[in-house]
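Treat the numbers as computed from the prediction; the structure is a model and nothing was measured.
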Amino acid sequence: MTQTPSYDVCAVGNAIVDVLAPCDPAFLEAQGLTPGSMQLVDAQQSAALYAAMAAGVEASGGSAGNTVAGVGSFGGRAAYIGKVADDQLGGVFTHDIHAVGVQFETPPLANAATGVCMINVTPDGQRTMCTFLGAANQLEVDDIDADLIGASAIVYLEGYLFDPAPARAAFEAAAAAAHAAGRKVAITLSDSFVVHRWRAELLAFIEASADIVLANEAELHALFETEDFDAAAAHLGRIVETAAVTRGAAGSVVFGGSGAERVEVAACPVDKVVDTTGAGDQYAAGFLLGLARGLPLEDAGKLGSLAAAEVITHWGPRPMTSLEELARAAGLRL
């Protein structure tokens, strides 16, 4: 018999500190950046871009790290596995994730630099990201704590980690540990560029190891190489037990029962979009917490929409208002 989990979600991801700064479209063009994209840069490129950017705000980030911070804000129990360096930014990341009540014990890496993501935000709230992974992509199989994963209802894997081969092996180990303990495996596709690079491998992993998939429209279209949203969404719904596809202001579509159930969830209205950084990460926080607590698909999707709406009203990728309090005020179950 499977034991009651100690944690709702354990995430495995790139442990990164975000640097967020405002910019205009001309800056992106001058830097040769595609608006709305995420690209990997080396240490030299990272330093040059940092020097060119406007004054910024540093905030602990990383997609899956943002998600477990959101789970904690909902009052959920979360854990995190990710690699930082034994440096100042590594200390910032560790302090911040502990401060939101997340279990994080992955040993830091010596003689390395903590990963950093430079996020330039245009006036419409769209973010363009350049990431120097540093220690983050040094995650390997030995860092996977099988006992921690076995004690978590859902293990959540960040698609960005598909780039380095050792981290991909860590993915496989995490999924195997989860399934051996009778737990669920969730993966986020993270970015359409990741999907383009690793489409065949991602599909193979999803079909073999994933119970839950989270994606946005661009990632979904890239995965199935079609612009037909309904066809692609239905396909995803058939190959996994549960899926959620976010569509920005159009809300989200969630699937259960290997595609037998489809629910459309409206986006929560906001007065002004300030910064979309972390919207998908926070949607995942609400959705996964809902699934971990056994809520119906629609209720899980509503928690996701609530969290996404909170995070786009301010700078930074993590909640600034208690998501637990917002959910209760909105009459949502937790």
Completion exercise
Val273 and Gly125 have their tightest heavy-atom pair at CG1-CA, 4.5 Å
Practice task
Kindly assign one of parallel, tilted or perpendicular to the pair Phe224 and His235, based on the angle between their ring planes and the thresholds 30° and 60°.
Solution key: parallel
Practice task
Identify the two heavy atoms, one from Ser46 and one from Val116, that lie closest to each other, and give their separation to 0.1 Å.
Solution key: OG-CG1, 3.8 Å
Sequence neighbours excluded and cut-off under 3.5 Å, please list the side-chain donor-acceptor pairs for residues 203-212, or say none.
| from | atom 1 | to | atom 2 | distance (Å) |
| --- | --- | --- | --- | --- |
| Asp211 | OD2 | His179 | NE2 | 2.8 |
| Asp211 | OD2 | Val185 | N | 2.7 |

Problem - Heavy atoms of other groups near Asp42 CG, more than 12 under 6.0 Å - result: yes
Problem - Distance-only side-chain donor-acceptor flag, Asp275 / Thr277, under 3.5 Å - result: yes
Exercise for the section: Look at Arg262 together with Glu264 and state whether they make a salt bridge at an N to O cut-off of under 4.0 Å. Expected result: yes
Exercise for the section: Any chance you could measure Met129, atom CE, to Ser63, atom OG, to the nearest 0.5 Å? Expected result: 8.0 Å
Problem - Whether over 12 other heavy atoms sit under 6.0 Å from Glu29 CD - result: no
Exercise for the section: Considering non-hydrogen atoms only, spot the tightest contact between Gly75 and Arg293 and give its length. Expected result: O-NH2, 3.8 Å
Practice task
Report the relative orientation of the aromatic rings in Phe287 and Tyr283; use parallel for angles under 30°, tilted for 30 to 60°, perpendicular for over 60°.
Solution key: parallel
Problem - Cationic tip of Arg183 above Tyr7 ring, under 6.0 Å, 45° of axis - result: no
Handout entry: Arg168 side chain reached by Leu161 side chain, heavy atoms, under 4.5 Å
Key = no
Exercise for the section: Can you measure from OG1 (Thr106) to CD1 (Ile81) and round to the nearest 0.5 angstrom? Expected result: 5.5 Å
Problem - Side-chain (Thr131) to main-chain (Leu133) donor-acceptor, under 3.5 angstrom - result: no
Practice task
Of all the heavy-atom pairs spanning Ile154 and Ala292, show the shortest one and how long it is.
Solution key: CD1-N, 3.8 Å
Problem - Backbone of Asp143 reached by a side-chain donor or acceptor of Lys83 within 3.5 Å - result: no
Handout entry: With Asn66, the side chain to side chain donor-acceptor pair (under 3.5 Å) member among Gln282, Arg318, Glu158
Key = Arg318
